[in-house]
Amino acid sequence: MSVEPTDSSAAATAAPTDFIRDIVAQHVAENRYPKIVTRFPPEPNGYLHIGHAKSICLNFGIARENAGQCNLRFDDTNPVKEDLEYVESITADVKWLIAGWADQCLGFKPKGAIPTVQSVNGQSDFFLDAVSPDTPGAEPFFASDYFEPIYGYAVELIKRGHAYVCDLSPEETEAYRGSPDQPGRDSPYRTRSVVENLDLFGRMRAGEFPNGARSLRAKIDMASPNIWLRDPLLYRIRHASHHQTGDKWCIYPLYDFAHCLSDYLEGITHSICTVEFEVHRPLYDWILENLGLPRPLPHQYEFAKLVPGYTLVSKRKLLQLVTEKIVNGWDDPRMPTLSGLRRRGIPASALRRFVIGVGVTKFDSVTDIAVFDHAVREELNTLAQRRLAVLRPIKIVLTNLAPDEAIECAATNDPQNENPTTRKIVLTRDVFIESDDFAEVPPPKYFRLKPGGEVRLKYACIVKLDEIVKNAAGTITELRCTADLTTRSGHPNSDRKVKGTIHWVSAAQAIDAEVRLYDRLFTVAEPAAEDDFLQVVNPHSLDVVTAKLEPSLATATTDDRFQFERLGYFAIDPRDSAPGKLVFNRTISLKDAWTPKTPPPKK
RNA sequence: UGCCCGAUGGUGUAAUGGUAGCACGAACGACUCUGACUCGUUCUGUCUAGGUUCGACUCCUAGUCGGGCAGCCA
């Protein structure tokens, strides 16, 4: 069984529409670009989370719907915050999320390739084309690959009188910037000559000045109501080693300067980002428009980020959960990181179904986590093989079976399929059932096992509870029942109805496994709104039990997805499970529509 | 306070001047060898006030509320 089949789900294949796709569709209709090219541009300073999944699915989705391309590009312009560990995890997470869906759109570049000079309309121009990730040695794009051309563009801006070297300290720069309702003041260095700017900028690159001593700034308008147009910094001095370029550079471009140019160099047509960058868009356009570039310019479009309920989508806070050991690493199955969700057993297709389903707008919202749960269940319902497992066992003895008797039963693997397959399971005298499925004093409308009552053991037969056996301390040690073998599947009375059907495993054949039961990490829908989100961490987000499993589960692999019937969906923990020492994660429970009015009595 | 953006049921979204629809959720019911799935019924909405128009969720004006922006972060 494969976990990642080609996407057959309607929700995931139906072409979504939203305001950004509408714009793209119009551009396609106008033939504005030879090909639609988007990009996913993470900074390698943390792990990808469920919020990024929306951006990935939007960018790759637009590419695949338009026979276009989407480049994975690391926005690595700040060496002091970034790390190779993150470029590796991010690359793996992106590949996992789009596998079987948009791999054909993923743009990589040849190993070590940098933009090359080409001629466009007689004008010299830099460009770096993508290759398939399958190309030997192919790797993601890096903004750091463009440091040389970006430096060249800075020089060009200086020559055009649009940028200058400023000697103001960081503190002075801030003071000169003014405030939202107060215009800024011109830097005293604003009027330096082109010659002097060129000289100083060259010496910045040569390493003549310490960190913060000078910066390169765009010359725009210190009185602009948009803060980002008040002579924004383009380059800062940073004597720091970079994870990609080593010690080659001691000046690094800032996001605003590097991003639009990176987009241009890769031939991006639609640069899609979240709404906090909206106020930067005029600067994005200004830089590109003031360079006299020969090819069509990319444009930026913004959408609201995804914030699911009961989860945090802040790299900083997620990092805090990791460093303070609230969770066990970035890939803890309770984490909303892609690696955590993957480890928990969430199929990439379910994540896609979810993020595509919530749509794309500019409205800040919190998405009900039930929508996510529903997407996961819907996907897993068709993907998962059914198995029997008992999480919290209580023993029953079928008194009319001989101790060595073993009755073979056929259990359905995939009832969701048109032609389901079956496997053999064995009914023996001693059987484990779920302790929740027995009540000595049953609440109203309790369908399960109760004194004198009957219940069906799924795939086997109906049993009747005759006697409750307790030890001296009053604890129930076993339930003695009679099995009505004429009600076995395929036997004369198999269609006899009882109200309840429960799951079970043969005590003689059961294998033990550690099963980790997860609950939401936070107790409130909006943990980010709390003064201290650590105060609303759910103390019961993890519950570990030793479960009894049917023996076929002994050979489960990390790619398998199971539904333990009546309990939920489970998958092997890829990190901690080993043959002979199985560890399962509960990906998600089954929906529970019963919810008794009174809690079941403690046994 | 300056600029930018936004506002449709409990939640997320559609309707692009012409019947306010879909999904999640909730409630009830049917089915059931999974109290799941599936199916059926029901529930709840255009932020406010003006204006334009035969007609406004849609366009205009003002207001209210919410989000974003003053890192040499991205």
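Chain letters run A, B, ... following the sequence lines, proteins first and then strands; every chain starts at 1.
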Just how far, in rounded Å, is [atom2] of [N] from [atom1] of [X]?
X         : N       : atom1 : atom2 : result
Met222(A) : rG2(B)  : CE    : C1'   : 15 Å
Ile237(A) : rC73(B) : CD1   : P     : 12 Å
Asn417(A) : rU34(B) : CG    : C1'   : 16 Å
Phe257(A) : rC73(B) : CZ    : C1'   : 18 Å
Asp181(A) : rC69(B) : CG    : P     : 16 Å
Ile227(A) : rC4(B)  : CD1   : P     : 13 Å

Validate the cation-pi geometry between [X] and [Y]: distance from NZ or CZ to the six-membered ring centre under 6.0 Å, angle to the ring axis within 45°.
X         : Y         : value
Arg205(A) : Tyr151(A) : yes
Arg520(A) : Tyr310(A) : yes
Arg214(A) : Phe209(A) : yes

Sub-4.0 Å heavy-atom contacts from residues 275-288 of chain A onto RNA chain B, ordered by number |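 Those residues whose heavy atoms fall under 4.0 Å from RNA chain B, taken from residues 275-288 of chain A in numerical order, are Glu276(A), Phe277(A), Glu278(A), Val279(A), His280(A).
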Identify, residue by residue, the members of residues 492-501 of chain A with a heavy atom below 4.0 Å from RNA chain B, and return them in order of residue number, or none.
->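 The answer is Ser494(A), Lys497(A), Thr501(A).
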Where does rG71(B) land, syn or anti, once you apply the within-90°-of-0 test for syn?
-> syn
Name each donor-acceptor pair under 3.5 Å that joins a side chain in residues 494-501 of chain A to protein atoms two or more places apart or in another chain, with its distance.
unit_1, atom_1, unit_2, atom_2, d
Ser494(A), OG, His491(A), O, 3.0
Arg496(A), NH1, Glu454(A), OE1, 3.1
Arg496(A), NH2, Glu454(A), OE2, 3.1
Arg496(A), NH2, Asp484(A), OD2, 3.0

Which is true for [X] with a 4.0 Å heavy-atom rule: it touches a base, it touches only sugar-phosphate, or it touches nothing?
X         : result
Gly359(A) : nothing
Arg230(A) : nothing
Ser365(A) : sugar-phosphate
Ser169(A) : base
Arg488(A) : base
Pro415(A) : base
Val80(A)  : nothing
Asp22(A)  : base
Lys591(A) : sugar-phosphate
Ser489(A) : base
Asn78(A)  : sugar-phosphate
Leu254(A) : sugar-phosphate
Leu168(A) : base

Tell me which nucleotide among [options] gets nearest to the side chain of [X].
X         : options                   : value
Arg177(A) : rG71(B), rG67(B), rA74(B) : rG71(B)
Asn381(A) : rC37(B), rU34(B), rA70(B) : rC37(B)
Ala370(A) : rG12(B), rG25(B), rU34(B) : rG25(B)
Lys362(A) : rG6(B), rA74(B), rU34(B)  : rG6(B)
Glu378(A) : rU38(B), rC72(B), rC69(B) : rU38(B)
Asp368(A) : rG2(B), rU11(B), rA36(B)  : rU11(B)
Arg566(A) : rC73(B), rG12(B), rU34(B) : rU34(B)
His374(A) : rC73(B), rC24(B), rA26(B) : rC24(B)

Would you confirm whether the ring centroid of [Y] sits within less than 6.0 angstrom of the ring centroid of [X]?
X         : Y         : value
Tyr284(A) : His280(A) : no
Phe201(A) : Tyr164(A) : no
Phe147(A) : Tyr252(A) : yes
Phe564(A) : Phe570(A) : yes

With respect to the phosphate group of rU32(B), does any side-chain polar atom (N or O) of Arg456(A) fall under 4.0 Å of OP1 or OP2?
->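 No, because none of the side-chain N or O atoms of Arg456(A) sits under 4.0 Å from OP1 or OP2 of rU32(B).
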Return no unless some side-chain N or O of Thr77(A) is found under 4.0 Å from OP1 or OP2 of rC73(B).
->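 No.
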Is there a donor-acceptor pair closer than 3.5 Å between any side-chain N or O of Ser314(A) and the backbone N or O of Lys317(A)?
-> yes
Do Asp373(A) side-chain atoms and Ile588(A) backbone N/O form a donor-acceptor pair below 3.5 Å?
-> no
Gap in Å between the two [atom1] atoms, one belonging to [N] and one to [M], rounded:
N       : M       : atom1 : value
rA15(B) : rG2(B)  : C1'   : 35 Å
rG10(B) : rG6(B)  : P     : 23 Å
rC22(B) : rA14(B) : P     : 15 Å
rU19(B) : rC57(B) : C1'   : 14 Å
rG67(B) : rC60(B) : P     : 25 Å
rG45(B) : rG25(B) : C1'   : 15 Å
rU58(B) : rG50(B) : P     : 14 Å
rA49(B) : rU44(B) : C1'   : 25 Å

Residue met sooner reading RNA chain B from 5', once Asp18(A) and Pro225(A) are mapped to nucleotides |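 Result of the comparison: Pro225(A).
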Qualifying residue, where the test is side chain to side chain donor-acceptor pair (under 3.5 Å) with Asp437(A) and the options are Lys450(A), Arg392(A), Arg566(A) = Arg566(A)
With centres under 5.5 Å and planes under 30°, do Phe363(A) and rA7(B) count as stacked?
->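 It does not: the ring fails the test against the base of rA7(B).
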Trp594(A)-rG35(B) aromatic stacking (under 5.5 Å, under 30°) = yes
Taking a pair as Watson-Crick or G-U wobble with both distances under 3.5 Å, which nucleotide is matched to rC57(B)?
->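 The base-pairing partner of rC57(B), which may sit in any strand shown, does not exist here.
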Charged N-O contact under 4.0 Å between Arg281(A) and Asp256(A) |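 Salt bridge flag = no for Asp256(A) with Arg281(A).
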Residues Lys81(A), Glu43(A): salt bridge by 4.0 Å N-O rule | no
For the side chain of Gln563(A) and the base of rU34(B), is some donor closer than 3.5 Å to an acceptor across the two?
->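 For Gln563(A), whose side chain was compared with the base of rU34(B), there is a donor-acceptor pair (under 3.5 Å).
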